[in-house]
Amino acid sequence: MTAPVSSLPGPADRPLPFAPDLLRGQTAIVTGAAGGIGREIAYLAARLGARVVLAGRTPARLDALAGELAAFPVAVQAVDVRERDAVDALFAAHPCDLVIHAAGGQFPQPAIEFSAKGFRAVIATNLEGTFHVMQAAARAWRGAGRGGSLVNVVVSPRGLHHVSHTVAARAGVVAFSEAVAVEWAPLGIRVNCVAPGAIETAGWAAYAPEVAARYPNSNPLRRAGTAWDIATACIFLAGPTAGFITGETLEVSGGGHLWGETWTTAKPAWFRAASRAFDPDLGPDLDQEAAP
C-alpha cells in the first residue's frame, strides 16, 4: 500500500517526471485549476516552464493558487464553462498552445433517484461545458493559423457506480473527442482524454468514511492514485511527448477499468451477497455500511 496523500510531498516538491524545460515558451490554459486535480496540473505545467492561465469559477480560490505560484508566470481568469460568452472571452484574452480541461462536477446518487434538474446540471457542466471549451479553443487556433493540443479529464467508467450522470456526460466527451480528433487533424490540433480511476483528493471528504476507505481496493494494484498521477498523464498527452497521439483515452486507474468496483455510495446488499457467494470466507464484514 502507498502512503496516503496527506503524507506525500506537495506538488511544489515532487520530483519532476519530465525535463524541466519541457513546456518553456508555451502557454497552458488549465480549467478547473483550483480543484484537486486541476491544481496539481497547474503546478506541474508551471514547473515545466509554461505560462499557466488558471481558469475556474471561484476567483478567491484561483487567486490563492496564483499566490502559491507567485514564482512562476501565471494569470487568473474566472470562467463558468457553462457560459459560452465567458469561455470565448477566456480564449480571446489568452492565446495558448495547450488546454487541459479539468473542470467538472457531479454528486453520488443512484440514478433512479436523480431529479431532472440534477441530471441536467451535470450534463451542462461536464458535457456542454467541455464542448464550449473545445470548440472555442479550436476556433481560436484556426483563427491564428496554428495548431494546439487539448486534453480532457473524464472518468474511468467501467465499474464506477452511482454517478451515472457523469459517466454519461464523460462518455459523450470521449466520443466527441474521438470524432474531432479526425476533423481537426488538418488544423494541427490534437485531442485526447485522461480517465482517472479512484484518485485520492481533498474531495474524498465528501464521501462517507467507509465508502472512501474501500477505494484503494477497487483496482488490481490495491491502492488509490493521486492527483499528481493524473497531472503527469495530462502533461504527457498535452505536450510534445505525445506529438503523434490523438483521439486516445489514457486510463489512469490502476487497472480498475479492467477489474474492480468503485461504489460512490453504499454498495447494495444484492451485490455484497454476490461477493460472499463467490467467496464465503469473506465473512459478514465485507462491507461495513448498511444496505440502502
Side-chain angles (χ1 to χ4, degrees), residues 2 5 17 30-33 35-42 44-45 81 98-108 111 122-123 125-131 133-134 137 149-182 190-201 203-204 207 212 214-239 241-242 245-264:
T2 57
V5 166
V30 180
T31 69
I37 289 175
R39 178 175 179 272
E40 305 244 344
I41 294 169
L44 181 53
V81 298
L98 54 99
V99 177
I100 301 178
H101 178 53
Q106 55 275 325
F107 53 90
V122 173
I123 297 299
T125 299
N126 295 350
L127 179 56
E128 294 178 12
T130 303
F131 163 72
V133 170
M134 293 175 68
S149 177
L150 270 162
V151 174
N152 296 309
V153 178
V154 290
V155 296
S156 184
R158 297 175 183 85
L160 180 61
H161 306 295
H162 286 170
V163 284
S164 57
H165 40 20
T166 200
V167 170
R170 311 292 190 153
V173 170
V174 171
F176 186 71
S177 298
E178 292 173 349
V180 298
V182 176
R190 295 188 299 110
V191 184
N192 292 289
C193 298
V194 169
I199 304 299
E200 186 177 358
T201 67
W204 277 25
Y207 297 103
R214 205 168 50 233
Y215 285 169
N217 290 309
S218 66
N219 61 77
L221 296 184
R222 295 193 64 197
R223 67 175 179 86
T226 68
W228 190 255
D229 291 325
I230 306 307
T232 57
C234 288
I235 294 298
F236 165 72
L237 283 177
T241 40
I245 299 175
T246 194
E248 294 296 328
T249 297
L250 176 58
E251 293 274 354
V252 187
S253 64
H257 63 296
L258 303 173
W259 171 89
E261 298 174 278
T262 304
W263 293 88
T264 59

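As the structure is a prediction and not an experimental result, all values here were calculated from the model. We're numbering straight along the sequence, starting at 1.
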Heavy atoms only: give me the nearest P108-T264 pair and the separation to one decimal.
-> CB-OG1, 3.4 Å

T232 side-chain N/O to D229 backbone N/O, donor-acceptor pair under 3.5 Å = yes

Partners passing side chain to side chain contact (heavy atoms under 4.5 Å, CB included) against F131 (at least two apart in sequence or in another chain) | R84, Q135, F176

Sub-3.5 Å donor-acceptor pair from the side chain of N192 to the main-chain atoms of I245, do we have one?
-> yes

Which distance, rounded to the nearest 0.5 Å, do you find between the CD of E251 and the CG of N219?
-> 11.5 Å

So which heavy atom on G38 is nearest to which on V30, and how close?
-> O-CG1, 3.8 Å

Distance, nearest 0.5 Å, that separates CD1 of I100 from CG of L44 | 8.0 Å

Scanning both residues in full, the closest heavy-atom pair of G105 with V122 reads O-CG1, 3.8 Å

V252 side chain reached by V194 side chain, heavy atoms, under 4.5 Å = yes

Is V191 close to M134 at the side-chain level, that is, under 4.5 Å between some pair of heavy atoms?
-> yes

At their closest point, which heavy atom of E40 faces which heavy atom of A227, and how far apart are they?
-> CG-CB, 3.5 Å

Does T31 use its side chain to pair, donor to acceptor, with the backbone of V81 at less than 3.5 Å?
-> no

Validation row: V173, N126 side chains within 4.5 angstrom (heavy atoms) | no

When every non-hydrogen atom of L127 is compared with those of A169, the smallest separation belongs to CD1-O, 3.6 Å

Excluding sequence neighbours, so at least two apart, what forms side-chain hydrogen bond (donor to acceptor under 3.5 Å, both in side chains) with S253?
-> H257

Ignoring hydrogens and geometry, is there a side-chain-to-backbone donor-acceptor pair from T246 to R190 under 3.5 Å?
-> no

ring-ring contact (aromatic ring centres under 6.0 Å, His included) partners for F236, two or more places apart | none

Qualifying residues under side-chain hydrogen bond (donor to acceptor under 3.5 Å, both in side chains), relative to R170, sequence neighbours excluded | Q106, T166

Is there a donor-acceptor pair closer than 3.5 Å between any side-chain N or O of H162 and the backbone N or O of F107?
-> no

What pairs with A137 under side chain to side chain contact (heavy atoms under 4.5 Å, CB included), at least two apart in sequence or on another chain?
-> F91, V99, W141, L150

For L160 and V155, run side chain to side chain contact (heavy atoms under 4.5 Å, CB included): C-alpha distance rounded to whole Å, both residues' side-chain angles, the deciding distance at 0.1 Å, then the answer.
-> CA-CA 9 Å; L160 180 61; V155 296; 4.1 Å; yes

Do I199 and I230 have side chains that get closer than 4.5 Å, going by heavy atoms?
-> yes

Distance-only side-chain donor-acceptor flag, H101 / T130, under 3.5 Å | yes

Of all heavy-atom pairs linking A198 and S218, the shortest is CB-OG, 3.6 Å

When rounded to the nearest 0.5 angstrom, what is the spacing between CD1 in I37 and CH2 in W228?
-> 13.5 Å

Does the side chain of V153 come within less than 4.5 Å of C234's, by heavy atoms?
-> yes

Under the side-chain hydrogen bond (donor to acceptor under 3.5 Å, both in side chains) rule, collect the residues that match up with E261, sequence neighbours excluded.
-> W263, K267

